[in-house]
Amino acid sequence: MTSPTGYGPTDNVLPGHLDLLVAGRSTGGATGETFEVTEPATGEPLATVAQASEEDVDSALQAAVAEFEEGSWRRTNATDRGRVLLRVAALLRERAELFAMAEVRGAGHPIGNARWEAATAADVFEYFAGAANKHYGDVIPVQDSGVDLAVREPVGVCALVVPWNFPLLIATWKVAPALACGNPVVLKPASLTPISALLLGQVLLDAGVPPAAVSVLPGPGRTVGEKLVCDPRVAKISFTGETATGARILAQSAPNIPRVSLELGGKSACVVFDDADLERAIASTPLSVFDNTGQDCCARSRFLVQRSVYDDFVAGFVEATSQLVVGDPLDEATQLGPMVSSGQRQVSLDYLDIAAQEGARRLCGGEASGPGWFLSPAVLADVDNEMRVAREEIFGPVASIIPFEDESEAVELANASPYGLSGTVWTGNVGRALRVTKAVRTGVISVNSARSVRTEAPFGGFKQSGLGRELGMAAMSHYTETKNIFLSDE
Ligand code: NDP
């Protein structure tokens with residue numbers, strides 16, 4: 001069966017052109033301008049996309065405000081909103097292959113990863129469908145005679161700005177809780193990867209979210225994005241991307257006092273102690289930095305390894321890294337696809353030059369190949385935590401390995417970063433696992449596990465890695481306001 005917006009369950013061929021969605025309406029945009037999306041694996045044009053203008057931002061916000069003030073979505077009871085989100089999840093599962101293809105061809109993700117992302121996007125909607133009627137307030141015992149109620153209300157129009165590294169997943173982390181709480185959404189995808197966000201917008205409409213509550217506006221961050229986040233009609237901004245962009249958004253939107261969540265950069269540490277199961281650590285740590293070709297805010301790009309096992313770890317890590325399969329993202333055997341753009345690849349190549357100048361030893365990788373923007377995963381040994389490659393977010397397939405002597409030095413090095421997003425501790429000692437996870441200032445940390453993000457658990461950063469939390473029930477409070485109501489019994 002074909003959906004109202006034209007997609008059937010078995011379609012996996014990406015459209016050659018996509019329009020914007022302004023208040024649920026598919027349109028070429030106020031100016032009629034388009035831009036080209038390029039396929040990272042080939043460097044060839046993939047699709048044209050209508051480009052939003054400031055006028056489209058205005059139309060989307062006008063409709064979203066009207067929907068919030070007079071429309072049906074926030075007045076729909078939470079259980080029924082949850083039912084609509086369950087339909088979104090079901091449609092995402094039906095169209096999983098289409099979404100997987102959008103991430104493979106539009107972002108360069110290996111097909112296996114992309115299928116997991118499409119399935120997880122549905123998981124996210126299922127989770128927040130269930131959360132919709134479980135996020136409630138309190139009855140508070142106050143001194144006055146009566147009943148005091150702290151109730152949760154939807155926050156208002158949500159401006160959701162997402163990056164190119166996980167275009168679909170990160171959009172769902174924002175869109176699903178925002179809608180679950182009864183808010184209209186205006187989604188701004190990254191210019192490099194707008195396709196899956198536009199397809200997601202179609203799914204929301206097909207599932208029955210009111211059109212005025214759904215806008216998807218691809219266009220340049222510096223014009224369309226900035227106009228959106230600086231508009232006083234926006235009650236809530238949720239942004240994922242570079243720390244400098246997050247700081248700019250915070251400063252520029254400040255006069256409106258919007259609610260702001262920021263998920264920003266990272267330089268996360270993977271700490272390997274000499275009491276760890278070294279074999280297991282070596283087998284799973286390469287993908288903790290190189291997955292998604294290193295374009296991951298949670299990438300463990302600093303390996304802190306205890307001196308007594310340093311040589312063994314480095315040898316095993318290089319061997320395991322050399323076995324990672326880099327190649328065509330459509331090939332099921334591929335583990336690492338291309339980087340998203342030639343510009344992003346150049347950033348990594350520049351950092352490899354900087355590392356050489358600073359005296360780090362490159363043990364493997366760092367070779368660019370084509371067509372497209374491939375870069376083999378690079379391992380740098382004998383890195384000092386003061387070097388730029390150890391301090392700055394590279395956002396590419398570059399791992400730095402740094403030796404340490406004892407537990408206190410490991411904690412000191414892990415914390416010697418302006419960032420605090422993710423991390424792992426490899427140890428066989430439970431006491432040490434507890435001491436180190438408590439001492440490292442980071443929003444997410446795993447013990448003997450390479451993963452960071454779980455749909456049901458809060459995710460976000462300390463320090464310059466961000467503000468607020470996504471996922472889990474923690475996300476719901478960021479899309480609601482608390483109102484206190486007192487009912488006197490006198
Ligand atoms: P940005 O932070 O510039 O972009 C992220 C999103 O914000 C995009 O949708 C972008 O639009 C938009 N944007 C940019 N400027 C503004 C603005 N002033 N107001 C509102 N929205 C804006 O990241 P980049 O894509 O340029 O990547 C640069 C670097 O950022 C990477 O090399 C990496 O280090 C880091 N990064 C970190 C991520 C993370 O998850 N921590 C994710 C992605 C990148 P547009 O695409 O049109 O520019």
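What you see below is based on every heavy atom in this structure, not just the backbone, and it leaves out hydrogens, waters and symmetry mates. One-based numbering, in listed order, for ligands and for the atoms of each. Position 1 is the first residue of the sequence, and the numbers go up from there.
- Proximity to Gly265 (heavy-atom distance under 4.0 Å) selects the following atoms of ligand 1: 41 (N).
- For atom 18 (N) of ligand 1, the nearest protein heavy atom (residue, atom name, distance) is Glu226 OE1, 2.7 Å.
- Counting protein heavy atoms under 4.0 angstrom from atom 4 (O) of ligand 1 gives zero.
- Heavy-atom separations between Ile249 and ligand 1 include at least one value shorter than 4.0 Å.
- Residue contact check: Gln344 has heavy atoms under 4.0 Å from atoms 31 (C), 32 (O) of ligand 1.
- If you look at Pro189 next to ligand 1, the close heavy atoms, those under 4.0 Å, all belong to the backbone.
- Using a non-hydrogen distance threshold of 4.0 Å, Ser465 does not register as a contact of ligand 1.
- Near Arg248, with a cut-off below 4.0 Å to any heavy atom, the atoms of ligand 1 are 18 (N).
- If you look at Leu192 next to ligand 1, there are no close heavy atoms at all, none under 4.0 Å.
- Of all atoms in ligand 1, numbered sequentially from 1 with element shown, those under 4.0 Å from a heavy atom of Pro220 are 47 (O).
- The aromatic ring centres of Phe303 and Trp426 sit 6.0 Å or more apart.
- For ligand 1, the polar-atom distance check finds no N/O of Thr240 at less than 3.5 Å from any of the ligand's N/O atoms.
- The shortest N or O to N or O distance between Phe239 and ligand 1 is not below 3.5 Å.
- The nearest heavy-atom contact from the protein to atom 20 (C) of ligand 1 is Gly225 C, 3.3 Å.
- Judged by the 6.0 Å distance and 45° axis criteria, Lys463 is not positioned over the aromatic ring of Tyr419.
- Ring pair Trp173/Phe166: centre-to-centre distance not below 6.0 Å.
- A cation-pi arrangement is present between Arg74 and Phe68 under the rule of less than 6.0 angstrom and at most 45 degrees off the ring axis.
- The contact set between ligand 1 and Asn165, taken as ligand atoms under 4.0 Å from a residue heavy atom, comprises 40 (O), 42 (C).
- Residue His109 forms a side-chain hydrogen bond (donor to acceptor under 3.5 Å, both in side chains) with just one option from Glu103, Glu117, Arg115, and that option is Glu117.
- Partner of Leu200 under the side chain to side chain contact (heavy atoms under 4.5 Å, CB included) criterion, chosen from Leu21, Leu91, Leu92: Leu92.
- With a heavy-atom cut-off of 4.0 Å, Ser191 touches ligand 1 through backbone and side chain alike.
- Nearest protein heavy-atom contact of atom 41 (N) of ligand 1 is Leu264 O, 2.8 Å.
- If you check which protein heavy atom lies closest to atom 15 (N) of ligand 1, you get Thr245 CG2, 3.3 Å.
- Side-chain N/O atoms of Lys236 and Ser261 include a donor and acceptor closer than 3.5 Å.
- Counting heavy atoms under 4.0 Å from ligand 1, residue Val161 touches it through the side chain alone.
- Residue Trp164 holds the heavy atom nearest to atom 25 (O) of ligand 1 of all those in Phe395, Tyr419, Trp164.
- A salt bridge is absent between Arg362 and Asp353; no separation between the charged side-chain nitrogens and carboxylate oxygens falls under 4.0 Å.
- When the heavy atoms of Glu263, Gln252, Lys188, Gln295 are ranked by distance to atom 11 (O) of ligand 1, first place goes to Lys188.
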| side chain to side chain contact (heavy atoms under 4.5 Å, CB included) between Leu199 and Phe99, intermediate numbers included | CA-CA 8 Å; Leu199 296 174; Phe99 279 95; 3.6 Å; yes

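- Ion pairing of Arg345 with Asp350 is absent here, as no side-chain N (NZ or NE/NH1/NH2) approaches a carboxylate O to less than 4.0 Å.
- Here the protein heavy atom with the shortest distance to atom 34 (O) of ligand 1 is Glu393 OE1, 3.3 Å.
- Here Glu393 does not pair with Lys267 in a salt bridge; the nearest charged N to carboxylate O distance is not below 4.0 Å.
- With respect to the salt-bridge test (charged N to carboxylate O, under 4.0 angstrom), the residues Lys188 and Glu226 do not qualify.
- Residues Ser422 and Ser452 bring a donor and an acceptor atom of their side chains to less than 3.5 Å of each other.
- From the protein, the heavy atom lying nearest to atom 17 (C) of ligand 1 is Gly221 O, 3.4 Å.
- Side-chain contact annotation: Thr424 with Arg300, donor-acceptor N/O pair under 3.5 Å present.
- Short contacts between ligand 1 and Cys297, defined as distances under 4.0 Å to a heavy atom of the residue, involve ligand atoms 39 (C), 40 (O), 41 (N).
- Checking only distances, Val162 does come within under 3.5 Å of ligand 1, N or O to N or O.
- Below 4.0 Å from some heavy atom of Gly219 lie the following atoms of ligand 1, by number and element: 47 (O).
- Close approach of ligand 1 to Pro163 is summarised as follows: ligand atoms under 4.0 Å from at least one heavy atom of the residue are 42 (C), 43 (C).
- A salt bridge is defined here as a Lys NZ or Arg NE, NH1 or NH2 lying under 4.0 Å from an Asp or Glu carboxylate O, and Lys174 with Glu470 meets this definition.
- Taking a cutoff of 4.0 Å between a charged side-chain nitrogen and a carboxylate oxygen, Arg259 and Glu481 qualify as a salt bridge.
- Nearest protein heavy-atom contact of atom 30 (O) of ligand 1 is Glu242 CB, 3.1 Å.
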